[in-house]
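Letters A, B, ... are given to chains in the order of the sequence lines, protein chains preceding strands, and every chain is numbered from 1.
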Protein chains: 2
Amino acid sequence: MRIHNLNFRHLRYFMVVAQEGTIARASKRLNLTPQTISGQLKVLEEMLEIELFERHGRRLDLTDAGRQALEYAEEIFNLGEAMQLQLHHAGNSRINCAVGIADVVPKSIAYKLLAPALELDDPVHLECREGSMESLLGDLIANRVDLILADRPIDASTHVRAYNHLLGETGISMFASPSLAKRYRPDFPHGLNGAPLLLPTDDTVAGANIMKWFRARHIEPSIRVECVDSALIDIFGQAGTGLFCGPSVLESELQRQHSVETIGRLEGIRERYYAISLERQIRHPGVQAITHRARELLLETGQETALAEESAD
Amino acid sequence: MRIHNLNFRHLRYFMVVAQEGTIARASKRLNLTPQTISGQLKVLEEMLEIELFERHGRRLDLTDAGRQALEYAEEIFNLGEAMQLQLHHAGNSRINCAVGIADVVPKSIAYKLLAPALELDDPVHLECREGSMESLLGDLIANRVDLILADRPIDASTHVRAYNHLLGETGISMFASPSLAKRYRPDFPHGLNGAPLLLPTDDTVAGANIMKWFRARHIEPSIRVECVDSALIDIFGQAGTGLFCGPSVLESELQRQHSVETIGRLEGIRERYYAISLERQIRHPGVQAITHRARELLLETGQETALAEESAD
DNA sequence: CACCAATATTCGAAAATTTCGAATGCGAAT
DNA sequence: ATTCGCATTCGAAATTTTCGAATATTGGTG
């Protein structure tokens, strides 16, 4: 089978399997049978002439090649959707603001940061897209997004000339399902040696900070799951796979929606969120609305915590 | 038909039709029948819910939406190929240098600039890709290419932090098919009022310079064709559609290969070519080979014309 | 250990999509 | 007016995708 038979569907199935971790779950999400997914995955591997997953027992682990392919697939997909959206809205052009959300940013945080823009007198039409920082920066310089929401400022190493706008910050809390909470809350944090932990991958700001925090206190939890998307961590956490960290501002929300309990706060860590744009002085009305209002409506209530400063590069 | 049925083939057919200008020629190049192309093009238009071409008589002209879609399609395609290449070579990794060539750069020039790297003791393995400047800059920051060959340095407006390395420069000559040459050579350049002209689009350096040159001399040629890819201009020129400009260093080559004649030189215009990389001081051995040797082997022989300077941003 | 539940895969057949041959209509050139 | 080249429509053939049924393998459990 030739490479030109490569279909967006192949890529999509592959992406979903990589995200879900298993063909069975992917097939449910895609409303397809497992055979189909399995078959098409094989076809994709044959077309690319490389193994995307390592089959360990019934577990599918992404190979190195698989990880690379995944990045490409996501980017290709984003482009496809961007094309569709842009063309579709070409006639009735009312896209005021296209926002790229780095996938390390919790969705609820993104919502909180973007919500102000929707409540303006002259409401902004938002168009959201998720992706890796790298892929979103490409979208930014190509003007496919007006703004990126990220968990860190960009610096010289990214090779993109853009500006960071601090939107707000929050502390980090630790959450767990009720049974785990009962066990580990009493002597938090020093009783966490060997405790099962779910973490953001350590190339994220949050992941690195949390690891550092534990090391500084000579605590060694047992890391069970690492992943980029925090929504996935919430699910695992809800299921009781392990303890996990999340923004303190989301405490009540997490408790309510995912039936987990707060077992403590990681004092000293502050998570910050940034808007990244190409303009130092923001002219784009949609972006302006977001950055201005986000700063009024600080993430953490009370306190002097969430400053509204601006840092270049 | 749903969007997920979008196939790489749809995009490819669309791209080829846009390039060739007619379904018939596209079908020849793709080894398919015209019905197929026509049908699939229609399917694509229906999926995107927008007209890609305006049907004027039997001429197909890209609509605005079509032009936008074309850019996306090219970028998506490049990503697909990059993925394929990178994964394919993941095992036997011997890609020393991935180069992006801006589509405004004549292919022969690109060849001349890259050739030195192939003649080294320790030969470099090159991997080339073409595209718009914007799309290539995205590739550069995502490390999918190590180097971009362009007709202009990048500046602050691109929002990419990268460095320009002047590789060489050349004058501009005007060419024409024998019959046109006979008519217009005698009183070049002032007899060119109303002469049929083929131009690079005026968002290219070459196009803008040439227009300026004519305006300064109060000459008003009649512009017949504008396009980005200079190879296409050569073809039109060969067919006698009009006079066209090209790098003086390619005079002999154009005369031989396209049976056209030189009718004069546009004194005062110098076309420069640049390598753009993320590193100011180049460490990448492949890139080093290209930039170093390109400067020794200057584009225009003799003269003091081609300097080897380096400019930041 | 045997058993069970969950998963991935293989193998045909059915469904959907793409391609082509034949035929039609339209525009441009002679 | 005629003819040629091109785009398009239609139905049939070829190809690709999907699914149902069956099989194999893993991991856990009594």
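If you measure from atom CD of A:Glu20 to atom P of C:dA6, you get 17 Å, rounded to the nearest angstrom. Per the geometry, CG belonging to A:Leu41 stands 13 Å off P belonging to D:dT17, to the nearest Å. The separation between A:Gln40 atom CD and C:dT17 atom P is 13 Å, rounded to whole Å. Residue A:Glu45 contributes atom CD, which lies 8 Å from atom P of C:dT9 at whole-angstrom precision. The interatomic distance linking B:Ile23 (CD1) with C:dC26 (P) rounds to 17 Å, in whole Å. Separating the CG atom of A:Leu44 from the P atom of C:dT9 is a distance of 13 Å, rounded to the nearest angstrom. Here C:dT17 presents its C1' atom at 14 Å from CD of B:Glu46, a figure rounded to the nearest Å. Rounded to whole Å, atom P of C:dA8 lies 10 Å from atom NZ of A:Lys28.
For A:Thr262 and A:Gln255, the side-chain atoms include at least one donor-acceptor pair closer than 3.5 Å.
Side-chain N/O atoms of A:His10 include none lying less than 4.0 angstrom from OP1 or OP2 on D:dT16. Of the side-chain N and O atoms in A:Gln35, none sit less than 4.0 angstrom from OP1 or OP2 of C:dC11. An OP1 or OP2 oxygen of D:dT18 is reached within less than 4.0 angstrom by a side-chain nitrogen or oxygen of A:Arg9. Close to C:dT10, at under 4.0 Å from its OP1 or OP2, lies a side-chain N or O of A:Lys42. The side chain of B:Thr33 contributes an N or O atom lying less than 4.0 Å from OP1 or OP2 of C:dC20. Of the side-chain N and O atoms in B:Thr22, one or more sit less than 4.0 angstrom from OP1 or OP2 of D:dA7. A sub-4.0 Å separation between OP1 or OP2 of D:dA7 and a side-chain N or O of B:Ser38 is absent.
With sequence neighbours left out, B:Tyr13 forms a ring pair (Phe, Tyr, Trp, His ring centres under 6.0 Å) with no residue at all.
Residue A:Ile37 is out of contact with every strand shown, counting any heavy-atom pair closer than 4.0 Å. Counting any heavy atom pair closer than 4.0 Å across all strands shown, A:Tyr13 reaches sugar-phosphate atoms only and no base atom.
Side-chain N or O atoms of B:Thr63 include one that pairs as donor or acceptor with a backbone N or O of B:Leu52 at under 3.5 Å.
Counting non-hydrogen atoms of neighbouring residues, nucleotides and ligands closer than 6.0 angstrom, the CZ atom of B:Arg59 reaches no more than 12 such neighbours. The environment of CZ in B:Phe53 is crowded: more than 12 heavy-atom neighbours from other residues, nucleotides or ligands sit within 6.0 Å.
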Extract from the structure each pairing of a protein N or O with an N or O of nucleotides 24-29 of chain D at less than 3.5 Å, listing the distance.
{"unit_1": "D:dT26", "atom_1": "O2", "unit_2": "A:Arg58", "atom_2": "NH1", "d": "2.6"}

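Checked for salt-bridge contact, B:Arg144 and A:Glu134 miss the test: no charged N lies under 4.0 Å from a carboxylate O. Salt bridge B:Lys107/B:Asp229: present, at least one basic N to carboxylate O contact under 4.0 Å.
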